[in-house]
Visitor: 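The structure that follows is given in the form of structure tokens.
This structure is a prediction, so every number in the text was calculated from the model and none was measured. Just so we're on the same page: letters track the sequence lines, and every chain starts at 1.
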Number of protein chains: 2
Amino acid sequence: MRADARHNRERILRAAREAYAVRGIDVPVTTIARRAGVAAATLYRHFPTRAALINEAFAEQFAHCVAALDEALADPDPWRGFCSVIEKVCAMQATDRGFTGAFLTQFPDAIDYDSERTRAEDGIAELVRRAKDTGQLREDFDPTDITLLLLANCGVVEGSQQVSPAASRRLVTYLLQSFRAGHAEPLAPPAPLELHQIHQPARRH
Amino acid sequence: MRADARHNRERILRAAREAYAVRGIDVPVTTIARRAGVAAATLYRHFPTRAALINEAFAEQFAHCVAALDEALADPDPWRGFCSVIEKVCAMQATDRGFTGAFLTQFPDAIDYDSERTRAEDGIAELVRRAKDTGQLREDFDPTDITLLLLANCGVVEGSQQVSPAASRRLVTYLLQSFRAGHAEPLAPPAPLELHQIHQPARRH
DNA sequence: CGTTAAACGGATGACACATTCCATTTACGG
DNA sequence: CCGTAAATGGAATGTGTCATCCGTTTAACG
């Protein structure tokens with residue numbers, strides 16, 4: 001592979017990550033090409049399709065999420081692990097408008113996402129169980145409340161633009177305090193809110 | 001005005017409200033016309049522009065919000081008023097995907113929204129102050145946390161589709177429990193999150 | 001019944017975007 | 001240095017979606 005080609009490939013990926021982070025997943029490929037300082041055709045030489053570009057651009061971040069969960073599971077204090085993974089993932093959402101907010105909702109069928117997802121769901125279920133066992137997480141907490149929180153965070157991130165990180169942190173703090181066991185009337189049973197049924201991009205007509 | 005014209009006008013408004021409620025503010029006027037059983041041109045005879053239709057369609061709901069706030073202010077128990085107005089508005093968001101989620105964020109300059117908004121903000125500030133005075137609302141609560149909650153609710157509503165109302169209620173319950181005074185470490189000062197700086201529809205290059 | 005507002009269906013035109021064609025440039029092995 | 005294949009850029013191409021309007025037909029109402 002020629003040196004300039006490899007170089008451009010990197011530039012494109014960097015530009016894509018930046019653009020997606022700031023403006024969300026909807027930025028046109030044309031824009032990304034321009035920001036990368038190359039022509040659209042060049043971008044297409046490296047990534048045959050829009051989706052391919054997106055997949056590559058987010059692969060790294062996705063790995064970070066998985067890692068965060070693994071670390072949480074490795075933490076001897078399940079509550080601390082629980083908080084930490086939530087805080088990390090939400091911070092990622094807040095920092096990168098494209099990630100989760102758009103990726104998980106608009107590309108549920110991208111990549112080999114499915115196998116990763118069930119693994120993630122199992123890990124979360126395990127973490128929740130342990131945190132309840134130590135009495136730190138309220139008994140009426142439901143694993144789908146994580147989805148609830150992610151969606152809520154998503155809304156805050158989309159809406160607050162400039163101050164996303166701070167706003168997101170504040171929301172997460174409020175919610176984690178509410179998740180903490182001990183001080184609150186119990187909740188009604190939750191709505192079934194599975195990750196895979198989130199926001200199928202509104203079908204037209 | 002001819003009888004059938006008035007009749008169609010009503011049909012159009014009803015169709016618009018339904019469509020916006022279910023699918024959000026983005027439904028094409030063409031679709032609304034079809035659902036109303038009229039041709040697009042007919043719709044344009046009644047509402048000269050897309051925005052005009054939207055304004056009329058949501059006027060009623062907007063009034064409901066204002067009313068909810070007035071009721072809350074009239075309640076002798078400020079905390080109950082506080083909860084009730086939040087619950088009502090969030091339920092409205094959950095029931096009607098178009099309202100707030102799209103209206104407040106995509107049409108910040110529609111109608112005479114500004115005067116209403118400041119009045120609403122003043123009312124909320126007053127309510128918050130009273131609820132703190134009675135010691136029921138935590139001291140480090142900030143009026144902009146209402147915005148935070150609305151955005152969070154917005155995210156949940158957008159994401160959870162079929163089960164929006166239940167999911168929204170659950171989120172609100174969690175957050176209200178967290179807002180309640182007494183049991184939590186204080187929060188860091190909030191990010192400035194004013195209603196009017198929300199989600200200026202992403203400007204295209 | 002005639003008049004005329006109202007409604008209809010099918011344009012029209014604008015826009016945004018993914019993707020591709022082909023002439024030109026450029027890296028780099030010899 | 002030079003030749004060549006790889007890489008690139010600029011301008012198309014094609015598609016889809018919409019808001020909005022035109023000329024004709026329908027039917028309400030006096």
Visitor: Look at the side chain of A:Arg2 against the base of D:dA6 and say whether a donor-acceptor pair falls under 3.5 Å; ignore hydrogens and angles.
Guide: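 Yes, the side chain and the base share a sub-3.5 Å donor-acceptor pair.
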Visitor: Could you check whether B:Ala5 gets within reach of a base, just the sugar-phosphate, or nothing at all, counting any heavy atom under 4.0 Å?
Guide: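 Sugar-phosphate: the residue B:Ala5, judged by heavy atoms under 4.0 Å, touches backbone atoms but no base.
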Visitor: DNA chain D: B:Val29 or B:Ala3, which has the more 5' nearest nucleotide?
Guide: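 Comparing both residues, the 5'-ward one is B:Val29.
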Visitor: Between C:dT19, D:dT20, C:dA6, which nucleotide has the shortest distance from any of its atoms to the side chain of B:Arg50?
Guide: D:dT20
Visitor: Which nucleotide sits closest to the side chain of B:Tyr44: D:dA19, D:dT8, C:dA6?
Guide: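 Among D:dA19, D:dT8, C:dA6, the one nearest the side chain of B:Tyr44 is D:dA19.
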Visitor: Is the shortest side-chain N/O distance from B:His46 to OP1 or OP2 of C:dA7 below 4.0 Å?
Guide: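 Affirmative; the distance criterion is met.
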Visitor: Taking 4.0 Å as the cut-off, does a side-chain nitrogen or oxygen of A:Thr49 come that near to OP1 or OP2 on C:dT19?
Guide: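 Looking at the OP1 and OP2 atoms of C:dT19, one of them is under 4.0 Å from a side-chain N or O of A:Thr49.
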Visitor: Closest to the A:Asp4 side chain: C:dT20, C:dA27, D:dC21?
Guide: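 Taking heavy atoms from C-beta onward, the closest nucleotide is C:dA27.
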Visitor: Base, sugar-phosphate or nothing for A:His7? Non-hydrogen atoms, less than 4.0 Å.
Guide: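 Counting heavy atoms under 4.0 Å across all strands, no contact is made by A:His7.
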Visitor: A:Asp4 and side-chain hydrogen bond (donor to acceptor under 3.5 Å, both in side chains): which partner among A:His7, A:Arg6, A:Arg2?
Guide: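 Testing each of A:His7, A:Arg6, A:Arg2 against A:Asp4, the sole residue satisfying side-chain hydrogen bond (donor to acceptor under 3.5 Å, both in side chains) is A:Arg2.
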Visitor: Please tell me if B:Thr42 has a side-chain N or O lying less than 4.0 Å from either OP1 or OP2 of C:dA6.
Guide: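 Checking C:dA6 against B:Thr42, no side-chain N or O comes under 4.0 Å of OP1 or OP2.
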Visitor: Would you please indicate yes or no on a ring centroid separation below 6.0 angstrom for B:Phe99 and B:Tyr20?
Guide: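 Not under 6.0 Å, so no.
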